[in-house]
There are 2 protein chains.
Amino acid sequence: MDASVPAIVINRLPLYLRALDLMVENDQRLTSSQELAEWLGISSAQIRKDLSHFGEFGKQGTGYEVPFLRDQLRSILNVDQLWDMAVVGAGALGHALVNYGGFAHRSFRVRAVFDVDPDKIGQSINGMAIESQTVMVERLQTMEIKIALLAVPVRAAQHVADLLVKGGVRAILSYAPITITVPNGIQLAYIDPVVALQSMTYYLTPVVT
Amino acid sequence: MDASVPAIVINRLPLYLRALDLMVENDQRLTSSQELAEWLGISSAQIRKDLSHFGEFGKQGTGYEVPFLRDQLRSILNVDQLWDMAVVGAGALGHALVNYGGFAHRSFRVRAVFDVDPDKIGQSINGMAIESQTVMVERLQTMEIKIALLAVPVRAAQHVADLLVKGGVRAILSYAPITITVPNGIQLAYIDPVVALQSMTYYLTPVVT
DNA sequence: TAGATTGTTAATCGATTAACAATC
DNA sequence: TAGATTGTTAATCGATTAACAATC
């Protein structure tokens, strides 16, 4: 095991895990670096190299036992436990996140929702009451929530991120299309559909009018 | 201008554009590769190198004129036009996408929503009637929609993607956490919050129980 | 002019892959 | 045993960055 595994490798592991989860569902017992590679559209050598950062998980001539490799990846990624999350911002996006059915089976669950709008506070989403942002820092600490989904408007994003860190949150997934600054050691990732779309339109022929 | 610009460069351009959009909003007239670099957390040399693939946009000693560089990037990315999009899947996520206010100002708009659920068809979201997936291929062709947001369950994702391609869609942004196969030349990107979260939990200390 | 910043080159750094001995 | 596939090495490939002449 390396002292430090490149981030680009870490970013691929969840994709391997996702593929293995699917195989487990289909009761597939064995796989190979080649099969995974074809499915994911990368090279088999890369998969073997990536895994070799963490140990030896396969058998020559046979490949990998699917449930075993899945468990190993879960352990490496620290998703062999259930992580509690907070959602901040109870707009359309916040609602969709709270109702998203894809978290539970993949080691995450939303345990709290916060907003600043007095009309929204007290209403419930998916059986969970929307709480005021004024109590957020305290609630995050009490609940020991370490992960937050940031679904507030751009103008509020940096301020809310500061509050999250104050509350002890250590990983933020921001849906606000703006660069956020966090202290060292706090994990930060972005989801911005427009960024993804604009990379694709580069390759599209513009519409001629 | 290169024959082929690396994809990794293309993927950064929308981030530059996003930063410039913010500067324009703040009436900032000039910027430099160094300022952009600090804001985005990358090196100034990388920004200059990336831009150099497409031309010379700055002035020595002065930097870049913000509105000019923004327009150039828009043109390069083909987002100096408004792209019509279809949303497939009118669940919580589909609703959030149709209602998302962040598209309009950044060159995209949702013009059609499709679902298979008879109870949903005919209902309207944001003033737009949900249409049946049975008419989707035809409608996509008629409306000349080239971009689709895929917000259907995993089990339907590949089939719906096939239909989208049949309908003439050339770029798909999929929210379904599964690998999709599309013909050569069709652009495909994924948004999976769990993949982003699982990369972050790698760096978090597991909760000790 | 003096200071600042670009665009570009060449060096460095890091990631990917081809190839194969080991071995199941 | 014969065939298959791993884990690993070394070579290749590509991306990043330091440095600086050009010049605004």
Side-chain angles (χ1 to χ4, degrees), chain A residues 1-17 19-20 23 28-73 75-76 199 202, chain B residues 1-17 19-20 23 28-73 75-76 199 202:
Chain A
M1 196 185 299
D2 287 15
S4 174
V5 180
I8 198 165
V9 173
I10 302 305
N11 291 336
R12 278 191 293 262
L13 298 185
L15 300 174
Y16 302 164
L17 178 54
L20 289 160
M23 289 174 179
Q28 184 179 336
R29 288 304 179 83
L30 286 172
T31 188
S32 63
S33 59
Q34 201 185 335
E35 188 184 40
L36 280 167
E38 271 169 30
W39 178 246
L40 295 168
I42 60 181
S43 81
S44 64
Q46 182 163 80
I47 289 177
R48 295 197 301 279
K49 186 101 213 285
D50 284 355
L51 295 177
S52 76
H53 285 100
F54 304 97
E56 309 190 356
F57 306 111
K59 277 206 192 77
Q60 286 101 324
T62 309
Y64 303 92
E65 286 189 27
V66 171
F68 174 75
L69 184 55
R70 180 190 62 161
D71 288 347
Q72 293 295 311
L73 281 174
S75 166
I76 292 165
S199 298
Y202 172 80
Chain B
M1 198 185 298
D2 288 14
S4 175
V5 180
I8 198 166
V9 173
I10 302 304
N11 291 337
R12 279 192 294 262
L13 298 185
L15 300 173
Y16 302 165
L17 179 53
L20 289 160
M23 289 174 180
Q28 185 180 335
R29 288 307 178 82
L30 285 173
T31 188
S32 63
S33 58
Q34 201 185 335
E35 187 184 40
L36 281 166
E38 271 169 30
W39 179 245
L40 296 168
I42 59 181
S43 81
S44 64
Q46 181 162 81
I47 290 177
R48 295 197 301 278
K49 187 102 212 288
D50 284 355
L51 294 177
S52 76
H53 285 99
F54 304 97
E56 309 190 355
F57 306 111
K59 277 207 194 76
Q60 286 102 324
T62 308
Y64 303 91
E65 286 190 28
V66 170
F68 174 76
L69 183 56
R70 180 190 62 162
D71 288 346
Q72 293 295 311
L73 281 173
S75 167
I76 291 165
S199 299
Y202 171 80

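In the text below, chain A, chain B and the rest are named by the order of the sequence lines, each starting its count at 1.
- You'll find the side chain of M23(A) reaches within 4.5 Å of the side chain of L20(A), heavy atoms only.
- Following rounding to the nearest Å, E56(B) (CD) and dA22(D) (P) show an atom-to-atom distance of 14 Å.
- To the nearest 0.5 Å, atom CG of residue L13(A) and atom OG of residue S199(B) are 7.5 Å apart.
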Table of protein N/O atoms under 3.5 Å from nucleotides 2-5 of chain C N/O atoms:
residue, atom, partner, partner atom, Å
dT5(C), O4', G61(B), N, 3.0
dT5(C), O2, G61(B), N, 3.2

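- Atoms CD1 (I47(B)) and P (dT8(C)) sit 16 Å apart, rounded to a whole Å.
- Rounding to the nearest 0.5 angstrom, the gap separating the CG atom in L51(B) from the CD1 atom in I76(B) is 7.5 Å.
- For E65(A), the CD atom counts as loosely surrounded, since its 6.0 Å shell holds 12 or fewer non-hydrogen atoms of other residues, nucleotides or ligands.
- The shortest distance between side-chain heavy atoms of L36(B) and Y16(B) does not fall below 4.5 Å.
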Distances under 3.5 Å only, N/O to N/O: pair up the protein atoms with those of nucleotides 14-17 of chain D.
residue, atom, partner, partner atom, Å
dT16(D), OP1, R12(B), NH1, 3.0
dT16(D), OP1, Q46(B), NE2, 3.3
dT16(D), OP2, R12(B), NH2, 3.0
dT16(D), OP2, Q46(B), NE2, 3.2
dT16(D), O5', Q46(B), NE2, 3.0
dT17(D), OP2, S43(B), OG, 2.9

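- The aromatic rings of F57(A) and F68(A) sit tilted relative to each other, their planes meeting at an angle between 30° and 60°.
- Under the Watson-Crick and G-U wobble criteria, each requiring two contacts below 3.5 Å, nucleotide dT23(D) is paired to dA4(C).
- With S33(A) as the partner, the side-chain hydrogen bond (donor to acceptor under 3.5 Å, both in side chains) test is satisfied by one option alone out of E38(A), Q46(A), R48(A): R48(A).
- Environment of CD in Q34(A): sparse, with no more than 12 heavy atoms of neighbouring residues, nucleotides or ligands closer than 6.0 Å.
- Nucleotide dA11(D) is matched to dT16(C) when pairs are restricted to Watson-Crick or G-U wobble geometry with both distances under 3.5 angstrom.
- Atom pair F57(B):CZ and dT6(C):C1' shows a separation of 13 Å (rounding to whole Å applied).
- In this structure, L36(B) places its CG atom 13 Å from C1' of dT6(C), rounding to the nearest Å.
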